[in-house]
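Here, residue 1 is the first one in the sequence, and each next residue gets the next number. Ligands are counted one by one from 1 in listed order, and the atoms in each one are counted from 1 as well. The structure presented is a predicted model; accordingly, all values stated were derived computationally and were not measured.
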Amino acid sequence: MAEEVRAGLSARPRELPSKYFYDERGSFLFSEITRLPEYYLTRAEQALLERHAREILALARPRCLVELGPGSAAKTRYLVEAASQAGTLELYVPVEVSREAAETTARTLREGYPNLSIHALVADFERHLDRVPAKHPVLVAFLGSTIGNFLRPRADALLERIGALLGSEGFLLLGTDLVKERGVLEAAYNDSRGVTAEFNRNLLRVVNRGLEGNFVPEAFDHVAFYEPSGQRIEMHLRARAPQRVRLGALGLEFVLEAGGTIRTEVSAKYTRSSVEALLAGAGLELVGWYEGGGFALSLSRRRGSARTGRP
Ligand code: SAH
Ligand code: AVI
């Protein structure tokens with residue numbers, strides 16, 4: 001965290017890494033976001049899973065399900081349920097940077113599926129995918145449009161590592177939010193109850209706690225807008241008045257001028273062709289495309305993969 005925060009605050013625009021949103025309070029606020037009327041993403045993806053999980057699992061027939069950033073695992077049960085009907089699944093590996101979320105996930109799955117082996121990894125999926133104890137064939141689930149929280153070329157590098165994890169037999173199930181009318185996108189990140197604003201400010205609390213910081217979260221406005229040339233939502237925090245920011249653990253002190261912003265998240269939106277291009281860049285090819293409610297699930301595998309992708 002120290003290295004990443006130092007680098008982010010020295011960059012222009014100033015940035016903080018979005019993976020630190022998810023302490024206990026942040027994970028709670030995110031699950032509140034998923035229930036907001038404006039935040040259609042979760043409901044749309046859940047409906048797609050409900051409709052297509054059986055077909056997807058019948059194609060992939062995994063021994064091992066690896067889920068990247070499962071959060072509270074609200075969507076995992078659709079996959080595990082369908083997998084238990086396919087009768088192939090032995091091992092579930094959630095890879096979660098948030099210890100609280102990893103523990104909740106493991107507990108929920110253990111209660112629901114006592115015969116399933118669970119190996120939870122509290123780890124950063126950008127750095128530690130080589131630690132995943134995969135049994136092949138593997139299905140990697142990367143849901144929620146979390147891939148959108150990574151700008152290229154980081155997203156490309158991450159997909160390449162996922163490709164390596166798939167090996168010759170594996171499949172990737174990727175959730176991506178789709179480009180749509182600006183008003184709908186901006187409302188999803190500017191909800192009327194202010195939950196997203198609180199989620200955004202929570203990042204400053206996490207950084208204060210981790211790095212002996214003195215950010216005053218209440219003195220920042222939440223700003224979220226669609227950036228059409230990059231096809232992404234950007235979230236920022238904007239200082240209402242000048243602030244002298246000190247991060248004791250970094251020995252860092254600087255003045256954030258009134259109106260000065262820190263970018264806290266990007267959330268890229270895709271089209272079918274931009275998903276295909278992203279996958280192709282990592283040597284992956286599309287096997288299935290499931291779209292509805294402004295959201296898409298794609299099933300892909302390594303180009304030239306040994307398996308036909310048929311049941
Ligand atoms: N998949 C869930 C949760 C999405 S929220 C859903 O679709 O609703 C994003 C999740 O990814 C959070 O739980 C967060 O802790 C996790 N996450 C973000 N960056 C991560 C990283 N670099 N490594 C591991 N987990 C990460
Ligand atoms: C987890 N991630 C895909 C969410 C998103 O939509 O980019 C995080 C989020 N940020 C604000 N609201 C939700």
Inspect the contact between Arg201 and Glu218 and indicate whether a charged nitrogen and a carboxylate oxygen are less than 4.0 angstrom apart. no
Among all residues two or more places apart in sequence or in another chain, which pass the ring-ring contact (aromatic ring centres under 6.0 Å, His included) test with Phe142? Phe125
Do Phe220 and Leu203 touch side chain to side chain, with heavy atoms closer than 4.5 Å? no
Would you indicate whether the side-chain heavy atoms of Leu139 and Leu299 approach each other to under 4.5 Å? yes
Contact table ligand 1 N or O to protein N or O, d under 3.5 Å:
{"residue": "ligand 1", "atom": "1 (N)", "partner": "Gly69", "partner atom": "O", "Å": "2.8"}
{"residue": "ligand 1", "atom": "7 (O)", "partner": "Lys75", "partner atom": "NZ", "Å": "2.5"}
{"residue": "ligand 1", "atom": "8 (O)", "partner": "Lys75", "partner atom": "NZ", "Å": "3.2"}
{"residue": "ligand 1", "atom": "13 (O)", "partner": "Glu96", "partner atom": "OE2", "Å": "2.4"}
{"residue": "ligand 1", "atom": "15 (O)", "partner": "Glu96", "partner atom": "OE1", "Å": "2.8"}
{"residue": "ligand 1", "atom": "15 (O)", "partner": "Glu96", "partner atom": "OE2", "Å": "3.4"}
{"residue": "ligand 1", "atom": "22 (N)", "partner": "Asp124", "partner atom": "OD1", "Å": "2.9"}
{"residue": "ligand 1", "atom": "23 (N)", "partner": "Phe125", "partner atom": "N", "Å": "2.9"}
{"residue": "ligand 1", "atom": "25 (N)", "partner": "Val97", "partner atom": "N", "Å": "3.1"}

Main-chain N/O of Glu186 paired to Asn190 side chain as donor or acceptor, under 3.5 Å: yes
Side-chain heavy atoms under 4.5 Å apart, restricted to Ile/Leu/Val/Met/Phe/Trp/Tyr: what other residues fall into the cluster of Val122, or is it alone? none
Any non-hydrogen side-chain atom of Ile262 less than 4.5 Å from a side-chain atom of Leu256? yes
Applying ring pair (Phe, Tyr, Trp, His ring centres under 6.0 Å) between Phe21 and each of Phe199, Phe30, Phe28, report the one that passes. Phe199
Per-ligand residue contacts, ligand 2, heavy-atom threshold under 4.0 Å: Tyr22, Phe30, Ile33, Tyr39, Gly144, Ser145, Thr146, Asn149, Tyr189, Thr196, Phe199, Met235, Glu265, Ser267
Verdict with reasoning, Glu100 to Tyr22, per side chain to side chain donor-acceptor pair (under 3.5 Å): CA-CA 9 Å; Glu100 293 87 354; Tyr22 303 92; over 6 Å; no
